[in-house]
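See structure below.
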Amino acid sequence: MSSAAAHAARAPVPDPVIVLRDDGPIARALGRIGAALPVPAAVIAILAAAPVLIFAGSDLSNLAAGLVLVWVVVVGGASSGARRWPRMLWAATPLMRLTEYATLIWIAALDSEVADPAAYALIAALTFRHYDLVYRLRHSGVPPAPWINTLSLGWDGRLILACLLLVLGLVPAGMYAMAAILGVAFVAEAVYGWVVVGRAEPAPIDDQEGDE
Amino acid sequence: LSDISTVRDSASVIAGTPMAGGIGMAVVLATAPADDGRPAALLPWGAGTVVRRLVGQLEALGVERTLVLARPVFQQAVQDAVGPAARVDASAGPCDDLRAIAAVARETAGTLLVLYGELLTHAEALRRLAWPSAGTAILAGGNRRKLVFRVRTRAGEVVSAASPYHRVGRPNATFLGVLRVKPADLEKVAGAADQLAKLAADPPEAWRAELARKAESWRAGAAQTADDDDGGDDVGAPPGADDDLEEDNQPAEIAEVLSEADELRLRTRVAGAPDDVAAMLVLGLVRTGVRVVPVYLRRLFWRRPLSAGTIEQAARRLADFDVDRALLDSSVKGTDGFFTTFFVSPYSKHIARWAAHRGLTPNQVTTFAMLLGTLAAAGFATGERWGLIAGALLLQMSFTADCVDGQLARYTGQFSRTGAWLDAVFDRAKEYLAFAGLAIGSARMGDDVWLFACAAITLQTVRHTAGFSFMVAGGQVTRATRQPPLEHSLDEAAAAGEARTAGQPVASADRRPLAAQVLRSWKLLDRRPAIVWLKRMAAFPIGERFAVISITAALFTPRVTFIALLGWGGFALVYGEAGRVLRSAR
């Protein structure tokens with residue numbers, strides 16, 4: 001079976017751990033690299049985040065920043081397809097969250113000091129989607145619609161867009177705009193999901209979720 | 001009979017609580033024998049009998065039809081006892097019971113309830129199962145109860161159940177004799193009942209051996225502790241998801257002499273065990289892959305009397321049992337952190353009761369809490385000392401309201417899926433809004449801490465994501481739990497335990513992987529309550545976080561708040577990840 005056919009066969013029941021990663025089309029395409037590597041996804045994800053954490057605070061040229069970003073997208077994307085050590089697959093997801101948010105903060109810091117609140121606004125909008133991925137499935141039984149993943153580009157697409165904003169010198173305004181557009185889209189889709197799509201199999205009534 | 005009216009009164013006091021409807025049919029099993037050989041359901045209760053009381057409770061709950069199954073010789077006696085409220089059918093033995101239930105399941109359209117006829121519990125306990133959204137569920141109790149069948153739950157689902165003929169490995173809860181089957185699962189329960197009936201007619205060798213082993217282990221258990229296991233569970237909370245207790249293998253060599261009363265009680269229990277078709281049905285459903293959810297009894301009273309002596313005891317206990325108090329105590333989540341448990345819940349539950357009597361809904365309280373949280377962020381955003389203090393107080397009020405909504409939902413039984421979602425989303429929104437407010441206020445005072453705010457929101461989201469991702473992965477493991485066929489008496493965990501003891505009686509502990517050994521020692525520390533609370537605090541739960549925000553913001557500056565959040569949160573991240581990695585490696 002070709003890998004495309006394999007993907008199509010898997011498509012109806014996506015692995016929930018993978019869904020939580022919020023990969024975009026680019027990351028998913030790069031996942032084939034990871035699938036061929038004999039390394040667990042979490043290890044690849046740590047490598048993806050490493051340069052961002054190492055160069056935090058240092059003043060890089062746009063070219064160097066671009067190279068770092070290419071690394072983050074390519075290596076992080078590769079981790080989306082890695083399936084070694086399945087019991088530890090869950091560990092890559094929080095690392096990808098760290099990678100995305102830390103890179104956004106890093107891009108804002110490279111731009112100017114006034115960009116920090118813009119990065120906060122964008123991250124806050126993204127947290128809505130990332131919590132909703134879990135909470136909606138938990139409470140309604142139906143996950144957020146797949147099109148909202150495409151529309152919001154995935155973490156990879158968003159990072160590339162943020163890097164473009166840096167090159168164009170539009171970071172604060174662009175990040176605020178992204179925060180507003182994405183925030184409205186996420187909330188609207190959630191409301192649509194609850195009101196129109198409704199709920200599937202009910203969750204247990206004794207809600208004993210841990211104290212979060 | 002007297003307490004039916006009191007329970008109904010206390011329930012009707014809770015404003016806005018509809019009496020649960022939607023139970024099409026209840027099958028009451030008046031088949032278990034008491035120590036005098038007559039059905040335990042016919043034990044006297046007030047002027048009537050235990051089964052009459054139960055049928056009355058079901059009637060009050062709005063159950064449309066009740067069918068009572070009794071052995072042929074007692075059919076008339078049971079019919080006389082329940083009167084016209086229910087039909088009593090004769091059934092010669094457990095196989096006929098199962099076939100009768102299969103027939104009922106096939107002709108009923110609504111929800112089906114199968115329960116012991118000799119249950120002494122509050123109508124409230126049954127009402128929780130009558131709630132329309134309950135799905136297919138069992139009434140579950142704590143793991144320490146004796147002479148009941150055990151189950152193992154994981155991620156809010158029963159993954160293995162015991163029956164007279166089946167053993168469950170690593171049990172962490174018990175089945176309290178009430179099974180609720182939602183309409184969509186009726187065909188499956190009928191199929192399982194038919195299959196079990198066929199097998200029970202001539203039990204396989206493994207089944208017989210397991211029944212004999214159970215009798216032995218109950219004897220040993222009864223010898224160890226003579227005291228009765230009545231009343232609510234010790235712990236108000238359901239057990240932890242991975243309570244790593246050994247299977248119910250009490251050492252069989254303890255051959256203490258039992259008191260005459262204990263001996264009689266034990267013999268009655270053993271004699272009645274094969275009649276327990278409710279437990280068999282739970283096993284049948286779980287083994288055939290039906291999702292069964294535990295609904296915990298928590299602090300309510302529950303007793304299954306099998307002698308006149310226990311009835312008297314139970315009557316005394318029930319008489320001075322404060323249902324409202326028990327419900328209120330039960331409304332407090334058992335998994336909350338230290339701050340929430342000791343500084344908020346003790347008074348927030350009284351606010352919840354007040355809100356219930358005022359007719360407020362949990363969603364109204366949730367929205368009010370969000371409003372308070374927004375005001376708190378606005379206070380922080382002023383940057384002034386008065387604003388920080390006001391914000392700190394508002395944030396605490398908001399957090400209290402947040403505890404109230406969940407307690408209100410549990411107290412009144414008003415669970416709403418949208419409400420639960422909104423509650424979770426608002427919790428995050430309040431916290432991250434407070435971060436933004438603090439950063440804005442700090443910037444206005446000339447100290448830019450936006451980078452700290454960005455780091456704090458990232459850390460907190462990463463911590464949550466790690467937990468979610470691990471949980472989702474664990475959920476897959478649950479679904480993948482292989483269910484052995486009905487003929488097998490051991491589930492996977494019990495079979496593995498058996499193999500360990502049989503193969504390597506001495507070295508079994510050393511053969512565990514290192515990660516499992518570390519986790520086990522870590523778990524053993526939980527015997528000291530102080531350690532449990534320390535562990536929960538180390539995870540930096542929401543109550544602790546909000547307290548840190550309020551205290552540091554009111555007394556110091558937003559910069560101190562963020563440093564404190566990052567420090568404690570960073571430690572919690574490492575602590576949490578270490579635990580999850582170990583559990584994955586096990």
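Since the structure is predicted, the reported quantities are computational estimates derived from the model, not experimental observations. Here is how names work: the chains are called A, B, and so on, in the same order as the sequence lines, proteins then strands, and each is numbered from 1.
Across all their heavy atoms, A:Trp90 and B:Val581 have their closest contact at CZ2-N, 4.0 Å. When all heavy atoms of A:Val17 and B:Ser469 are compared, the pair lying nearest together is CG1-OG, 3.8 Å. B:Met471 and A:Arg138 get closest at one heavy-atom pair: CE-NH2, 3.5 Å.
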Next on the checklist: The test is side chain to side chain contact (heavy atoms under 4.5 Å, CB included); show your working for A:Trp194 and B:Arg417 and say whether it passes.
Outcome noted: CA-CA 10 Å; A:Trp194 276 107; B:Arg417 288 167 210 303; 4.1 Å; yes
Item to check | From CA spacing to verdict: side chain to side chain contact (heavy atoms under 4.5 Å, CB included), A:His139, B:Thr418 | outcome: CA-CA 7 Å; A:His139 295 297; B:Thr418 318; over 6 Å; no
Item to check | Chi angles and distances behind the side chain to side chain contact (heavy atoms under 4.5 Å, CB included) call for A:Phe128, B:Val425 | outcome: CA-CA 8 Å; A:Phe128 183 91; B:Val425 169; 3.8 Å; yes
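Contacts of B:Ala439 with chain A are absent, with no heavy-atom separation under 4.5 Å from either backbone or side chain. Neither the backbone nor the side chain of B:Arg463 comes within less than 4.5 Å of any heavy atom in chain A. The contact between A:Leu20 and chain B is made entirely by side chain atoms (from C-beta outward), counting heavy-atom distances below 4.5 Å. Contact annotation for B:Ala539: neither backbone nor side-chain heavy atoms come within less than 4.5 Å of a heavy atom of chain A.
In this structure, the separation between CZ on A:Arg21 and OG1 on B:Thr465 is 12.5 Å, given to the nearest 0.5 Å. Summarising the geometry, atom OH belonging to A:Tyr101 is positioned 7.0 Å from atom CD1 belonging to B:Ile457; distances are rounded to the nearest 0.5 Å. For the atom pair B:Cys454 SG and A:Ile123 CD1, the distance stands at 5.0 Å (nearest 0.5 Å). Taken from CZ in B:Phe452 to CG in A:Asp116, the straight-line distance is 11.0 Å, to the nearest 0.5 Å. For the atom pair OH (A:Tyr120) and OG1 (B:Thr458), the distance works out to 9.0 Å, reported to the nearest 0.5 Å. We find the CZ-OG1 distance between B:Phe470 and A:Thr93 to be 12.5 Å, quoted to the nearest 0.5 Å.
When each of A:Ala190, A:Ala109, A:Pro117, A:Ala108 is checked for heavy-atom pairs under 4.5 Å with chain B, A:Pro117 comes out on top. Of the listed residues (B:Gly467, B:Ala453, B:Ala184), the greatest number of heavy-atom pairs within a distance under 4.5 Å of chain A belongs to B:Ala453.
Aromatic rings from A:Tyr135 and B:Trp421 are positioned such that their centres are separated by 6.0 Å or more.
Within the 4.5 Å cutoff, no side-chain heavy atoms of B:Arg428 are placed close to those of A:Thr127.
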